[in-house]
Every structure is written in C-alpha cells, then in structure tokens.
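Whatever order the structure lists them in is the order used to number ligands and atoms, beginning at 1.
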Amino acid sequence: MLRSVILAASRSSQVERLVATAPFTRDVVRRFVAGAGTDDALRATRELVADGLAVTLDNLGEDTVTPEQANATRDEYLKLLRLLSAAGLTPAAEVSVKLSALGQMFDEQLAYDNARAICAAADAAGTTVTLDMEDHTTTDSTLDVLAKLRKDYPSTGAVLQAYLRRTESDCRELAGAGSRVRLCKGAYKEPESVAYQSAREVDRSYVRCLNVLMAGDGYPMLATHDPRLIAIGEDRARWFDRGPDRFEFQMLYGIRPEEQARLVGEGYTVRTYLPYGEDWYGYLMRRLAERPANLMFFGRALMSKK
Ligand SMILES: Cc1cc2nc3c(=O)[nH]c(=O)nc-3n(C[C@H](O)[C@H](O)[C@H](O)COP(=O)(O)OP(=O)(O)OC[C@H]3O[C@@H](n4cnc5c(N)ncnc54)[C@H](O)[C@@H]3O)c2cc1C
C-alpha cells in the first residue's frame, strides 16, 4: 500500500516540485545520488575509490522519447568517460547504461549505435560498460543488443533479474568465459506469468542463479543488500575458490555503506552503483518505495533541518 503511494508520488509533478524545493531535500538526495552534474559524479567517484570501492556510474534519465534526448544521453556518457580517464579513475570506475535512455523504446538500432559508441569510449578509457536491465518486455531486446556489442567489446556486462522465471536459464547462457553478469532481484512490478511474486521464491531463484554463475567461467557481480544472500555469496566464493579478481559484490550508493566497507575490509571487490544527473527524482522515489524504512531517514532529515 505504502509502496503504491510512493510510486504514485514518483509520477506526480506537484510532489516532485514540493520535494525538489524543500529545504531538507539536498541532504536527503545526496545520500542516494552524487548530485546533478558531471563534476558531482567525479567528486563522489573520487571519494569512493579513495575508500577502496570500485564504482559504476549511472546517468539518471527518465522517459527518453526523441532521438535528440537519446543522443544527448550518449554524449553525456562520452564526456563522463573522458573525464574519468583523465582523472585516473578508470578502470576502478565503469558505467551502467539503460538502453531505454539511448532510444530503445522507439528505435532499437539507434539504442545499439549509441551503446556501441559508449562501449568504444569505455574501451578507449580502459574500462567497461554494463547494460542495466529494465522491465521484462525489454529483456530479449537488451540481450540481443548485448550479444552484438560483445562481438567487439566482450567485457560488456549484462544484468539478470532473479525474479524472472527465465533467469536461471539466461544465467546458464551467460556463464561462459569473459562474460560479466550482474545478478539482482529485480526492481519492476512484473506479472505472475513471467515473474516470481513472493520474496521467498525470488530469494530461492537468486541462490540458484548465483550457484550457476559462481560455478561457471564468467565474472559474477552479486548486486544485493540482502545479508543472507551476501553470506551465501561469500560461502560460494570460498567453495569455488574465487578471489577478488574473479567476482564482485555490488550495492547502491548510500545503502548499507558500513556493509560495503566491511566487505572491502575482508578483501572482496565491492562496486558501488553511483547515480547522478538532473533526473534524480524518479530514482529517489523508487528507492523509497523499495524500502519504506528509508522514509524514516527522509523524515529525520525533515525534522532536523526545518
Ligand atoms: C548495483 C545494483 C544494480 C542494480 N541494477 C538493477 C537493474 O539493472 N535492474 C533491476 O531491475 N534492478 C536493479 N537493481 C535493483 C535490485 O533489483 C533490487 O530491486 C534492489 O537491489 C533491492 O533488492 P535487495 O537484493 O537489495 O534486497 P531487498 O529484498 O530489497 O532487501 C533484503 C534485505 O536487505 C537488507 N536491506 C535492503 N535495503 C536496505 C537498506 N536500505 N538498509 C539496510 N538494509 C537493507 C535488509 O536486511 C532487507 O531485508 C540493482 C541493484 C544494485 C544493488
């Protein structure tokens, strides 16, 4: 119920104006988002890398409906990669890209061309690209684009969502040598026909998929904040003798930072997913909807800054 209310708020321009102009907003947003500009992204990346974390940067955008918007997103990534390289932050920092932001909804070829340009720039900067996964109607298209990109840029990473019934089989397809796969639970509301609905089923699927990836020859990227799944990941890393160069944990910026530091202290590779950009509102609201307990943080900031 609360989740639905927050998701409805995420689509309301009135609530957006209210949140964006509230005096406490900056601090709250800054917990989950680097800031609006490329310079904010670089500053936050520098801080994370200094703390021993790897980073994947996401330029936040919503509803790309024209080729001009798609090309502007591509250009922002090209600029970001140039600046990361010049600052000596690659390969510790890579980029995460949503094909929808590159035009996938209206022109798959354009999205592919734009993604390819970003992969070329990442390659020149000595780093990698991971294609975020969106709702299930885009999975086939995204995996097709991935396969084409991997012909020239084999380190391009995929995201697979454990809540989808198809994912265990996709993990088997993508568990080969050189394949980078981020495994997450999945963030979209999906129908029962394609996705497990209960948390228990999703968790069990996550473990099955994790086993397939950790037993395979690729590079698993375990994206979760879930303590039980992290413990299972640590266990399988020991079992399959995977050192810090053969798999990694990933978490979102601002979520369980102490756990991220603990894992770094244990010698694991941990990558923080760092969003930045003008369009932070939808992202922030989805984080709040995912875990309404984050609202407490929001509320405390409100009380203390008023
Ligand atoms: C690096 C990264 C990239 C992602 N990329 C994608 C993508 O491309 N596509 C996609 O659909 N989804 C993506 N996601 C989102 C993902 O699918 C989940 O929606 C999100 O990570 C929440 O699932 P969870 O595994 O953290 O566990 P949850 O089921 O949300 O939480 C499980 C447990 O983790 C702990 N926990 C979770 N959040 C917190 C918190 N804020 N504070 C303290 N404890 C907490 C709690 O103990 C909780 O009970 C990504 C997530 C990460 C981390």
Side-chain angles (χ1 to χ4, degrees), residues 3 6-7 28 31-33 48 53-61 93-101 104 128-139 142-143 145-146 156-164 166-167 170 174 180-190 194-207 209-210 220-233 247-263 268-275 282-298 300:
R3 185 163 188 263
I6 300 170
L7 285 174
V28 178
R31 173 173 163 174
F32 298 107
V33 178
L48 292 166
L53 290 150
V55 179
T56 185
L57 287 120
D58 168 36
N59 177 234
L60 293 170
E94 64 136 39
V95 295
S96 285
V97 174
K98 283 186 179 49
L99 288 180
S100 66
Q104 185 184 35
T128 49
V129 176
T130 298
L131 300 184
D132 282 347
M133 191 60 85
E134 301 176 67
D135 75 73
H136 80 277
T137 62
T138 66
T139 307
T142 300
L143 293 180
V145 170
L146 175 85
T156 307
V159 177
L160 295 176
Q161 298 149 316
Y163 64 13
L164 292 186
R166 61 177 284 169
T167 291
D170 287 334
L174 287 174
R180 295 169 61 252
V181 178
R182 173 193 300 158
L183 180 64
C184 64
K185 289 190 185 181
Y188 298 80
K189 180 137 186 59
E190 299 286 17
V194 299
Y196 300 112
Q197 302 294 308
S198 74
R200 188 177 146 82
E201 283 178 306
V202 175
D203 290 358
R204 288 166 69 115
S205 169
Y206 195 104
V207 175
C209 294
L210 180 157
M221 305 184 278
L222 307 179
T224 181
H225 313 97
D226 191 323
R228 285 198 308 164
L229 297 179
I230 292 169
I232 292 170
F247 89 106
E248 66 188 43
F249 289 108
Q250 296 191 344
M251 293 188 214
L252 302 178
Y253 183 61
I255 300 195
R256 303 201 69 202
E258 300 84 6
E259 176 65 358
Q260 298 186 30
R262 180 192 74 80
L263 289 166
Y268 293 108
T269 300
V270 183
R271 191 175 300 276
T272 302
Y273 185 102
L274 178 63
Y283 176 85
L284 178 71
M285 296 308 264
R286 279 195 298 280
R287 295 287 80 80
L288 293 179
E290 219 165 59
R291 186 173 163 82
N294 283 336
L295 277 174
M296 292 292 286
F297 177 81
F298 206 77
R300 271 203 302 276

Can you confirm whether the side chains of [X] and [Y] place a donor and an acceptor under 3.5 Å from each other?
X      : Y      : value
Glu248 : Thr269 : no
Thr142 : Glu134 : no
Thr138 : Gln104 : no

What part of [X], side chain, backbone, both or neither, has a heavy atom within less than 4.0 angstrom of ligand 1?
X      : value
Tyr206 : neither
Thr224 : both
Leu252 : both

request  = Grab the two heavy atoms, one from Ala158 and one from Thr130, that are nearest each other, plus how far apart they are.
outcome  =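 Taking Ala158 first and Thr130 second, the nearest heavy atoms are O-CG2, 4.1 Å.
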Using heavy-atom distances only, which candidate in [options] approaches [atom] most closely?
atom                    : options                        : result
atom 13 (C) of ligand 1 : Gly254, Cys184, Ala158, Pro275 : Cys184
atom 7 (C) of ligand 1  : Arg271, His136, Met133         : Met133
atom 31 (O) of ligand 1 : Glu258, Gln161, Lys185         : Lys185
atom 3 (C) of ligand 1  : Arg182, Glu248, Arg228, Glu259 : Arg182

key: Presence of salt bridge, Glu259 and Arg262, under 4.0 angstrom   =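 Salt bridge: yes.
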ask   = Are any of the side-chain nitrogens in Asp203 or Lys185 under 4.0 Å away from the carboxylate oxygens of its partner?
value =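 Result for this pair is yes, salt bridge flagged.
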N/O to N/O below 3.5 Å, does that happen between [X] and ligand 1?
X      : answer
Gly186 : yes
Ala187 : yes
His225 : yes

